[in-house]
There are 2 protein chains.
Amino acid sequence: MVKLEQAASTAARKVTIKHVAAEAGVSLQTVSRVINNGPNVRPEVRERVNAAVARLGYVPSLAAQRMGGSRSYLLLALNDRDRTIEGWRSGEGTDWVDQMLLGGMLKCAEAGYRMIFELVDTHSAHVEREVKAAIAALHPDGVILTPPHSDNPLITGLLVDLGLPFARIGSTATGAGFSIAMDDYAAAETATNHLLDLGHRRIGFISGSPEYVLSGARLQGYRAAMAGRGLPDDADLVGHGDFTFASGEAAMETFCRLAHPPTAIVASNDQMALAALRVAGRRGLAVPHDLAIISFDDTPIVRFSNPPLTAVVQPIAAMASAAADLLIRAKSGQDDLPQASTLPFQLAVRGSTVATSD
Amino acid sequence: MVKLEQAASTAARKVTIKHVAAEAGVSLQTVSRVINNGPNVRPEVRERVNAAVARLGYVPSLAAQRMGGSRSYLLLALNDRDRTIEGWRSGEGTDWVDQMLLGGMLKCAEAGYRMIFELVDTHSAHVEREVKAAIAALHPDGVILTPPHSDNPLITGLLVDLGLPFARIGSTATGAGFSIAMDDYAAAETATNHLLDLGHRRIGFISGSPEYVLSGARLQGYRAAMAGRGLPDDADLVGHGDFTFASGEAAMETFCRLAHPPTAIVASNDQMALAALRVAGRRGLAVPHDLAIISFDDTPIVRFSNPPLTAVVQPIAAMASAAADLLIRAKSGQDDLPQASTLPFQLAVRGSTVATSD
DNA sequence: CTGTTAGCGCCTTCAC
DNA sequence: GTGAAGGCGCTAACAG
């Protein structure tokens with residue numbers, strides 16, 4: 001007797017749907033229906049089953065659900081391996097991954113889903129193999145792609161072949177899958193206009209790696225803003241970076257050697273903006289007095305630099321959340337879902353463009 | 001013919017162990033043995049099966065492996081919900097989660113495992129229910145606990161009941177599970193000695209939340225270092241913080257109002273160290289000349305503050321990696337595993353304790 | 001509305 | 001050494 005009680009009170013080892021069925025006095029199938037909010041169950045029976053579930057602390061096994069049914073309750077988030085690991089190793093403070101988890105994980109949790117985070121090489125010849133393997137192992141209900149995967153035809157093509165729903169974060173390209181992005185063009189335009197409004201006319205732009213489609217959009221937005229004020233398209237004012245600190249440094253140095261160096265810079269990410277700041281410091285340029293700087297990433301470090309950088313705030317968490325939401329809805333059979341979503345960005349104005357009294 | 005080739009070249013929809021068995025001309029079981037590196041398979045047959053696996057691009061389904069066998073190839077990493085989400089939301093740049101992923105995910109990947117990251121409330125009355133639910137759903141092969149869960153008896157007790165292997169990161173408490181920590185005592189001692197070596201005698205210590213066992217260890221280490229130089233144990237020099245910026249500010253303000261304020265501070269985390277820096281700025285104290293500061297977290301923001309902060313570098317990635325490694329080994333039947341591991345820390349000396357020429 | 005019957009893909013136990 | 005049953009926990013497709 002004592003033993004029995006102990007067994008019951010401690011680890012109710014493995015409560016399965018069978019136990020619940022027995023406890024509620026119904027069949028397995030009825031329990032399954034209740035759990036999945038299926039139709040055709042009398043409210044009274046539903047109550048009874050729910051009570052049994054609560055009493056026994058029953059939680060369905062994900063693995064078994066996937067085996068029997070068609071859903072795995074798993075979403076696969078694919079990030080670029082090299083860039084992600086390098087970011088982690090360097091401790092540079094990029095919080096892209098954190099923001100993705102914030103948006104994606106929490107949305108998944110709301111719906112009883114799980115987000116599994118994986119790294120794959122975009123460049124590698126085995127991208128397809130890597131992605132295929134992850135999918136074969138996990139059988140996710142949907143895949144979230146982040147740049148640069150979002151625009152990798154090898155990956156999107158594979159996903160289409162597989163008939164697996166997917167979301168492309170940061171991609172505005174039309175095509176299969178949900179496109180979820182912010183308006184990089186408008187953001188660059190807004191950033192540039194902010195500088196123009198402050199009276200700057202020689203505004204330099206440091207572009208990102210051309211591998212990322214958004215790099216082009218940002219450059220176009222910059223050009224549009226300049227043209228909008230009747231300023232000539234000066235090739236000298238466009239520096240070609242690749243998102244690294246070194247490339248930002250190089251671009252900035254080149255700017256400084258011009259006969260008429262820019263008085264303001266829009267950099268396509270935080271590292272390149274910080275590089276510009278560093279070069280300014282080396283050359284004795286006061287920020288924002290001699291040189292104004294805007295970053296395209298609002299990572300923690302640009303908020304703690306000296307001065308803190310004005311930056312475009314990307315809605316990373318919101319995009320991840322939207323991606324998860326769309327995929328989950330899609331799997332639930334909903335079909336009036338927007339193929340493309342554009343989420344709002346913000347411009348956080350700080351000391352690198354406007355002198356503060358702080 | 002064309003059709004067949006296409007079908008083969010595109011999405012080899014679902015390759016199961018059956019297909020491999022047929023392709024290799026052996027039974028299911030033999031394939032299973034090869035996959036799991038089981039014994040009793042002729043090298044020649046093994047070769048043949050491996051070739052078939054490669055040819056078909058077969059990858060076992062995690063869900064099915066878990067259903068049939070006893071392993072799920074999943075490790076569950078449990079973090080504190082409130083603290084983690086707050087960190088993400090604030091964008092304060094804590095990279096604890098990133099370092100955990102770096103260490104844990106990569107180690108898991110090496111062994112064909114996956115790390116699933118979940119958030120649970122330590123304070124909530126339903127800690128047990130939350131943890132139980134996650135375990136019931138996932139059936140992980142092991143659980144990685146981070147502070148403050150590492151020392152939560154409700155959680156560790158449950159895990160013991162369940163017979164699930166687990167690792168306690170940042171906990172030196174003896175008991176079930178693998179304890180993986182750095183030597184907080186020695187780290188605090190080292191940090192304090194660094195200041196003592198620089199000639200400081202009035203050294204203030206801002207402690208962390210007492211809920212974290214490591215808070216106590218750090219305080220002891222500080223006291224030991226002070227005592228080691230024959231300095232009296234002055235209660236005024238110990239400020240009681242809770243890891244928040246506000247608490248650090250308050251502690252520092254209190255220090256400043258002393259008849260003999262400290263000339264150096266050891267803060268138990270980055271936020272409180274930055275708070276001390278902020279207060280110093282407000283009061284016109286030059287760092288490091290008038291006030292030296294050491295942080296206990298080497299997060300990105302302390303490397304970019306002005307001046308950058310000297311900090312204890314915690315081996316977060318290494319601890320996560322070790323945790324994953326131990327759990328995977330344990331599940332593989334290895335049993336000569338160290339119950340407790342202490343990983344080395346470092347002291348990164350920067351401008352907040354030693355004037356630099358930069 | 002509810003119960004029954006088949007598997008899902010794999011591993012374990014047992015024969016051969 | 002290898003193969004043939006059986007079952008893990010659940011859900012889809014049917015019956016009733």
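Every chain is numbered from 1 and lettered A, B, ... according to where its sequence line falls, protein lines coming before strand lines. Reckoned from all heavy atoms, side chains included, excluding hydrogens, waters and symmetry mates.
- At distances below 3.5 Å, at least one donor-acceptor pair connects side-chain atoms of A:Ser150 with backbone N or O atoms of A:Leu145.
- Note that the CZ atom of A:Arg33 and the OG atom of A:Ser27 stand 6.5 Å from one another [nearest 0.5 Å].
- The span of DNA chain D lying next to chain A, judged by atoms under 4.0 Å from heavy atoms, is bounded 5' to 3' by D:dG9 to D:dA13.
- In this structure a side-chain-to-backbone donor-acceptor pair under 3.5 Å is missing from A:Asp325 to A:Ser321.
- Put simply, the side chain of B:Ser179 never gets that close to the backbone of B:Ile169: no donor and acceptor are under 3.5 Å apart.
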Evaluate side-chain contact (heavy atoms from CB on, under 4.5 Å) for A:Glu110 paired with A:Ile328, printing each intermediate quantity in order.
CA-CA 11 Å; A:Glu110 278 176 25; A:Ile328 292 171; over 6 Å; no
Applying side-chain contact (heavy atoms from CB on, under 4.5 Å) to A:Phe166 and A:Ile155, what does each step give before you reach the verdict?
CA-CA 10 Å; A:Phe166 62 96; A:Ile155 298 181; over 6 Å; no
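- Taking a 6.0 Å sphere around CD of B:Gln339, one finds it holds more than 12 heavy atoms contributed by other residues, nucleotides or ligands.
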I need a per-nucleotide contact map over nucleotides 8-16 of chain C, read 5' to 3'. Cutoff is protein heavy atoms under 4.0 Å; write B for the base, S for backbone only, - otherwise.
BBBSB----
